[in-house]
Amino acid sequence: QVQLAASGGGLVQAGDSLRLSCAGSGRAISSNTLVWFRQAPGKDREFVAAISRSGDAADYRDDVKGRFTVSRDNAKNTMYLQMNSLKPEDTAAYYCAGTLIGIAQPSVKNWKIYGRWGQGTQVTVSS
């Protein structure tokens with residue numbers, strides 16, 4: 001099973017941008033739908049964005065549409081999340097995960113189906 005680790009977080013001001021990376025190791029990521037989740041203190045982990053195996057399809061939670069863009073480079077075994085126009089409510093620890101389930105399946109957005117979580121990265125947006 002591929003192991004994934006997120007990086008690239010930091011402390012930024014509202015309106016700034018960040019680019020997160022999710023590096024895969026152990027196995028190639030190309031067979032996985034890849035997903036970003038986030039978790040704020042005291043809240044459940046929530047779906048942020050997903051990208052299909054080939055990168056030709058993506059899905060986002062409503063409140064990040066138009067601000068966040070997910071992409072992947074299978075040759076580099078890496079997924080990215082470009083976050084623009086950041087808001088204080090985007091503050092959370094961000095995690096990435098992979099699944100063999102296709103992006104069209106609703107369960108892809110359910111954090112509970114993912115049995116393994118790698119290193120997350122903290123994003124803090126100040127107002």
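If you're wondering where the values come from, they're calculated on a predicted model, not measured in any experiment.
T78 contributes a side-chain N or O that, together with a main-chain N or O of K76, makes up a donor-acceptor pair within less than 3.5 Å. The main-chain N or O of R53 is found under 3.5 Å from a side-chain atom of N74 such that the two form a donor-acceptor pair. Looking at N32, its side chain never comes within 3.5 Å of a backbone N or O of L34 through a donor-acceptor pair. Side-chain atoms of T124 do not come within 3.5 Å of backbone N or O of L11 as any donor-acceptor pair. Although no hydrogens or angles enter the test, the distance criterion places no donor-acceptor pair under 3.5 Å between the side chain of D59 and the main chain of A49. The backbone N or O of Q82 sits nowhere less than 3.5 Å from a side-chain atom of T69 that would complete a donor-acceptor pair. With hydrogens and angles ignored, the 3.5 Å screen pairs a side-chain donor or acceptor of Q119 with a backbone N or O of A6. Proximity of a side-chain donor or acceptor of T33 to a complementary backbone N or O of I101 within less than 3.5 Å is detected.
With hydrophobic clusters built from ILVMFWY side chains whose heavy atoms lie under 4.5 angstrom apart, L20 does not share a cluster with V35. Follow the hydrophobic side-chain contacts under 4.5 Å out from W111 and you never reach V2; the two are in separate clusters. Hydrophobic clustering, with ILVMFWY side chains joined whenever heavy atoms are under 4.5 angstrom apart, keeps V48 apart from V108. Under the 4.5 Å side-chain contact rule for hydrophobic residues, F47 and L86 do not share a cluster.
For the atom pair OG (S52) and CZ (R72), the distance works out to 7.0 Å, reported to the nearest 0.5 Å. A distance of 7.5 Å separates CG in L4 from CD1 in I29, rounded to the nearest 0.5 Å. The line from OG of S30 to CG of N77 is 7.5 Å long, rounded to the nearest 0.5 Å. A distance of 10.0 Å separates NZ in K65 from OH in Y60, rounded to the nearest 0.5 Å. With values rounded to the nearest 0.5 angstrom, K109 atom NZ is found 10.0 Å from R61 atom CZ.
Both cation-pi conditions hold for R19 and Y80: the charged atom is under 6.0 angstrom from the six-membered ring centre and inside a 45 degree cone around its axis. A cation-pi geometry, defined here as NZ or CZ lying under 6.0 Å from the six-membered ring centre and within 45° of its normal, holds between R45 and Y95.
When each of Q122, R38, Q39 is paired with Y94, the side chain to side chain donor-acceptor pair (under 3.5 Å) condition holds for R38 and for no other.
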>> Before you tell me yes or no, could you show the steps for F68 and D90 under side chain to side chain contact (heavy atoms under 4.5 Å, CB included), namely the whole-Å CA-CA distance, both residues' side-chain angles and the distance that decides it to 0.1 Å?
In response: CA-CA 11 Å; F68 290 11; D90 295 319; 3.9 Å; yes
>> Assess the residue pair D16 and V125 against the criterion (side chain to side chain contact (heavy atoms under 4.5 Å, CB included)); give the C-alpha distance rounded to whole Å, side-chain angles, the decisive distance to 0.1 Å, and a yes or no.
In response: CA-CA 8 Å; D16 284 352; V125 184; over 6 Å; no
> salt bridge (Lys or Arg N to Asp or Glu O under 4.0 Å) between R67 and D62: does it pass, once the steps are laid out?
Replying inline: CA-CA 10 Å; R67 299 190 297 122; D62 286 344; over 6 Å; no
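Nearest heavy atoms, A40 versus A92: N-CB, 3.8 Å. For the pair S127 and A14, the tightest heavy-atom approach, listed with the atom from each and the gap, is CA-CB, 4.4 Å.
Evaluation of the side chain to side chain contact (heavy atoms under 4.5 Å, CB included) rule for S7 yields S21 as partners, not counting sequence neighbours.
When only modelled atom types and interatomic distance are considered, N84 and S17 share a side-chain donor-acceptor pair under 3.5 Å.
Salt-bridge formation is not detected for the pair K87/D63: no Lys NZ or Arg NE/NH1/NH2 atom is positioned less than 4.0 Å from an Asp or Glu carboxylate oxygen.
Screening residues 14-45 for ring-ring contact (aromatic ring centres under 6.0 Å, His included), with sequence neighbours left out, gives F37-Y114, F37-W117.
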